Protein chains: 2
Amino acid sequence: MARLEERTPVQIGLIAESENISQKYLESILLTLRKSGFLGSKKGKGGGYYLLKDPKDIKMSGVMRILEGPIAMVPCVSLNFYEKCDDCPDENACAVHNLMIEVRDSTLNIFNNTSLADLIS
Amino acid sequence: MARLEERTPVQIGLIAESENISQKYLESILLTLRKSGFLGSKKGKGGGYYLLKDPKDIKMSGVMRILEGPIAMVPCVSLNFYEKCDDCPDENACAVHNLMIEVRDSTLNIFNNTSLADLIS
DNA sequence: TATTACCCTATCGGATAACTAGGCTATTGT
DNA sequence: ACAATAGCCTAGTTATCCGATAGGGTAATA
């Protein structure tokens, strides 16, 4: 969709065919993206999905979180999906904790500075 | 173990207790580390596990690969656990591929430049 | 020679995620 | 109006992985 100049609706079937995946499976992915505000949709004949924003304004960090879940390698350093480790008495005393934060930040830095437009160029 | 000055064997039971995990489970982890060359072991009374190298010379990238598997987010950009994507006709044509390589390299850079000694300080 | 402590294999159960299936509903063009 | 189109929704299946467990074996040491 991002490769198209115009912002006209694209049917699920067309994308499924060109990407070699099942139509139904793609449907669930596109539905997720619509619910999270990345895509709009149009029903009926001539309908389909379309991008709501300019590809330049879509950061990969947002897309990744929706489609892949947490960016952090471990839940205890995740910003959006934080979870405490079961048997960890003190995160600050954990030797691995700070290292994981460092990795998270460097990954996040890349995703935040890459747009959908960057990807297709 | 890295925190100890001397390189004397430490018993599984002691570590299991101080880390609040089952002795058997810890055993399987230590066994993995021994087989991959990070730890040595001594049997019989007074035995246990000990580091084979100086903590300064143990890079976290090596430890991570043994305990956590691939560092890359997707197999198709993994250096040590490479796998081709099923329905991908051309990796170079994949929009996500280069992004994932970038992330892999930045993560690897951190793990390569962090030693076990860095972690405990 | 008994005890200690590591060695090895098999397996279980829960969670996750890719993927599928089937039917419903809203929109559109004629 | 109405029939075809195309998205909407929920549930479920299947496969795989991983944390964790169990139990018995073997080598080394005091």
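Within every chain, numbering begins at 1; the chains are lettered A, B, ... in the order of the sequence lines, protein sequences first and strands thereafter. Everything quoted here is computed from the prediction, not taken from an experiment. Atoms considered below: every heavy atom in the structure, side chains included; atoms not considered: hydrogens, waters and symmetry mates.
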Please give me every residue in residues 16-27 of chain B whose heavy atoms get under 4.0 Å of an atom in DNA chain C, ordered by residue number.
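Heavy-atom cutoff 4.0 Å gives B/Lys24, B/Glu27.
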Within the distance-only criterion (no hydrogens, no angle test), does the side chain of [X] pair as donor or acceptor with the backbone N or O of [Y] below 3.5 angstrom?
X        : Y        : result
A/Arg7   : A/Leu52  : no
A/Ser18  : A/Ile15  : yes
B/Asp118 : B/Ser115 : yes
B/Arg104 : B/Met73  : no

When you check every protein heavy atom under 4.0 Å of nucleotides 10-16 of chain C, what one-letter string (B, S, -) results, 5' to 3'?
-------
Expected output is a numbered-order residue list: members of residues 28-50 of chain B with a heavy atom under 4.0 Å from any atom of DNA chain D. What is it?
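Residues of residues 28-50 of chain B that come under 4.0 Å of DNA chain D are, in numerical order, B/Lys42, B/Lys43, B/Gly44, B/Lys45.
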Side-chain donor-acceptor contacts of residues 42-50 of chain B below 3.5 Å, not counting sequence neighbours, with atom names and distances?
none

Taking atom CZ as the centre, does B/Arg3 end up with more than 12 heavy-atom neighbours from other residues, nucleotides or ligands that are less than 6.0 angstrom away?
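No, the 6.0 Å shell around CZ holds no more than 12 heavy atoms from other groups.
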May I ask you to check whether over 12 heavy atoms, not counting those of A/Glu17, lie within 6.0 Å of atom CD?
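Counting other residues, nucleotides and ligands, CD of A/Glu17 stays at 12 neighbours or fewer.
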Excluding sequence neighbours, so at least two apart, what forms salt bridge (charged side-chain N to carboxylate O under 4.0 Å, His left out) with B/Lys53?
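Expected list: none.
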Kindly give the heavy-atom pair with the smallest separation between A/Asn112 and A/Ser61, and that separation in Å.
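Looking at all heavy atoms of both residues, the closest pair is OD1-OG, 2.6 Å.
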Taking distance alone, no hydrogens or angles, what donor-acceptor pairs closer than 3.5 Å link side-chain atoms of residues 25-33 of chain A to residues at least two apart or in another chain?
| unit_1 | atom_1 | unit_2 | atom_2 | d |
| --- | --- | --- | --- | --- |
| A/Ser28 | OG | A/Tyr25 | O | 2.7 |
| A/Thr32 | OG1 | A/Ser28 | O | 2.8 |

